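First the structure, in the form of structure tokens, and then the observations on it.
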Amino acid sequence: MTPEEAQRQPLARDRRQPVSVCTLTWRDPLLWLRAGWADVVRCPAVSLSYGLMFTLVAWAFRLSAVRSPEYTLMLASTVLLMGPALAMGLIQASRSCSIGAEAKLRPCLVCWWQAKGSMALFAGLLLVIELLWARTSLLVFALFSDNLVPNTNVLSMLLDGANRAFMLAYGCASAGFALLAFGMSAVSLPLMLDRPAADAITAAITSLRACLEHPAVMLWWAMLVAVITLLAMLPLGFGLLVAWPLIGHSSWHAYRGIVCPQNLSSLTPLQTDR
């Protein structure tokens, strides 16, 4: 069987194998990033094409926040619905590289179709989290609105020391929802791509279980992703051309490092790189 055939036809026995979480160390996230960078270099056309799409989305967010903030939530909802399908393309590119196949843009763009039902459900779960996040933010603003020191500049108002209690409450609420979203999606997309029989709920629970069993390592991984993203957004977000493809490719290697079948002797080369 050629690499392309192996890529299109996952073995049935792999679909039946239960999902288990491997033992992780603090070095693993760095190894995932190194392997992800190798994939960026190996398939630059696919990586930079996705990087350009992600950068344009980031610029759209910035313009919306400055000129039409009332549309920002709608744009965020659209991204949450479409984002997983786009991100899966980078995972597919790394999956192709791992079996020696050439990563091409068109198959990467449509790879999500084989798991369209699970993808739709997963996107819906992310959308629910976003709506709860927005509702909680409004509640925090309402609770502290009487004590906020007004300022014509929103950033200055948020950084004002007199608004420290509000910033603490808002930061804790936002961090909680961000960690929940990360916990649900850490390995969900590559799991649904690699094992089409795994539904969105199973993938999300597996991802959350990995975070609960290895909280320090997964928090370290989340911090690396956040720092890379923040640095890439300075000054005008051009770094996202490379940063988000790097994170997307690395998520495939994170999946292969976190999730493993219970019977390791039956693994195919596609499923193990440890």
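Not measured: the values here are computed from a predicted model.
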Handout entry: Distance-minimising heavy-atom pair for Ile201 and Asp199
Key = N-OD1, 3.0 Å

Completion exercise
CG of Asp28 to CG of Leu33, rounded to nearest 0.5 Å, is 11.0 Å

Problem - Validation row: Ser98, Arg256 side chains within 4.5 angstrom (heavy atoms) - result: yes

Problem - Atom pair CG (Leu240) and CG (Leu52), whose distance is rounded to the nearest 0.5 Å - result: 11.0 Å

Problem - Expected output: side-chain Ser188 to main-chain Ala203 donor-acceptor under 3.5 Å - result: yes

Exercise for the section: Answer yes or no: are there more than 12 heavy-atom neighbours, outside Met233 itself, under 6.0 Å from its atom CE? Expected result: no

Practice task
Can you see which heavy atom on Pro245 is nearest to which on Leu90, and at what distance?
Solution key: CA-CD1, 3.6 Å

Problem - Over all atoms of both residues, closest heavy-atom pair of Ser251 and Ile91 - result: OG-CG1, 3.5 Å

Problem - Value rounded to 0.5 Å, distance of CD1 in Ile129 from CG in Leu125 - result: 7.0 Å

Completion exercise
Heavy-atom closest pair (Val46 atom, Ala103 atom, distance to 0.1 Å) is CG2-O, 3.7 Å

Exercise for the section: May I ask you to check whether Asp39 and Ser94 show a side-chain donor-acceptor distance below 3.5 Å? Expected result: yes

Handout entry: Min side-chain heavy-atom separation Tyr50-Leu105 under 4.5 Å
Key = yes

Exercise for the section: Dump the intermediate steps for side-chain hydrogen bond (donor to acceptor under 3.5 Å, both in side chains) on Ser47 and Arg42, then the final yes or no. Expected result: CA-CA 9 Å; Ser47 300; Arg42 196 175 304 169; over 6 Å; no

Handout entry: Heavy-atom side-chain proximity of Met119 to Leu189 below 4.5 angstrom
Key = yes

Fill in the blank from the handout: Separation between CE (Met53) and CG (Leu109), nearest 0.5 Å, reads 5.5 Å

Fill in the blank from the handout: Distance col, row Ile99:CD1 vs Arg95:CZ, nearest 0.5 angstrom, shows 6.0 Å

Practice task
Please check if the side chain of Thr202 supplies one atom and the backbone of Ala198 the other of a donor-acceptor pair under 3.5 Å.
Solution key: no

Handout entry: Transitive ILVMFWY side-chain link Val41 to Val242, under 4.5 Å
Key = yes

Practice task
Check whether any side-chain heavy atom of Leu31 sits under 4.5 Å from a side-chain heavy atom of His253, and report yes or no.
Solution key: no

Practice task
Give a yes or no on whether Leu132 and Leu179 share a hydrophobic cluster (residues Ile, Leu, Val, Met, Phe, Trp, Tyr; joining criterion: side-chain heavy atoms under 4.5 Å apart).
Solution key: no

Exercise for the section: Working to the nearest 0.5 Å, report the span between OG of Ser185 and CG of Leu191. Expected result: 12.5 Å

Exercise for the section: Assess whether side-chain contact (heavy atoms from CB on, under 4.5 Å) is satisfied between Trp221 and Ile258, documenting all intermediate values. Expected result: CA-CA 12 Å; Trp221 174 230; Ile258 294 171; 5.6 Å; no

Exercise for the section: Give the cluster check for Phe141 versus Leu139: same hydrophobic cluster or not, with ILVMFWY residues linked at side-chain heavy-atom distances below 4.5 Å. Expected result: yes

Problem - Side-chain donor/acceptor of Ser96 to backbone N/O of Glu102, under 3.5 Å - result: no

Practice task
Determine whether Trp32 and Trp220 fall in the same hydrophobic cluster, where Ile, Leu, Val, Met, Phe, Trp and Tyr are linked whenever their side-chain heavy atoms lie under 4.5 Å apart.
Solution key: yes

Exercise for the section: Would you mind listing every ring-ring contact (aromatic ring centres under 6.0 Å, His included) that reaches into residues 228-250, with sequence neighbours excluded? Expected result: Phe54-Trp244, Trp59-Phe238

Problem - Closest non-hydrogen atom pair between Met88 and Trp112, with its separation - result: SD-CA, 3.6 Å

Practice task
Kindly work out whether a path of hydrophobic side-chain contacts (I/L/V/M/F/W/Y, heavy atoms less than 4.5 Å apart) joins Ile247 to Met184.
Solution key: no

Handout entry: Partner set under side chain to side chain donor-acceptor pair (under 3.5 Å) for Ser174, not counting sequence neighbours
Key = Trp133

Practice task
Give the minimum heavy-atom separation between Trp26 and Val217, together with the two atoms involved.
Solution key: N-CG2, 4.0 Å

Exercise for the section: Output, in order, the C-alpha distance, side-chain angles, deciding distance and verdict of side-chain contact (heavy atoms from CB on, under 4.5 Å) for Tyr170 and Leu143. Expected result: CA-CA 11 Å; Tyr170 183 78; Leu143 291 175; over 6 Å; no

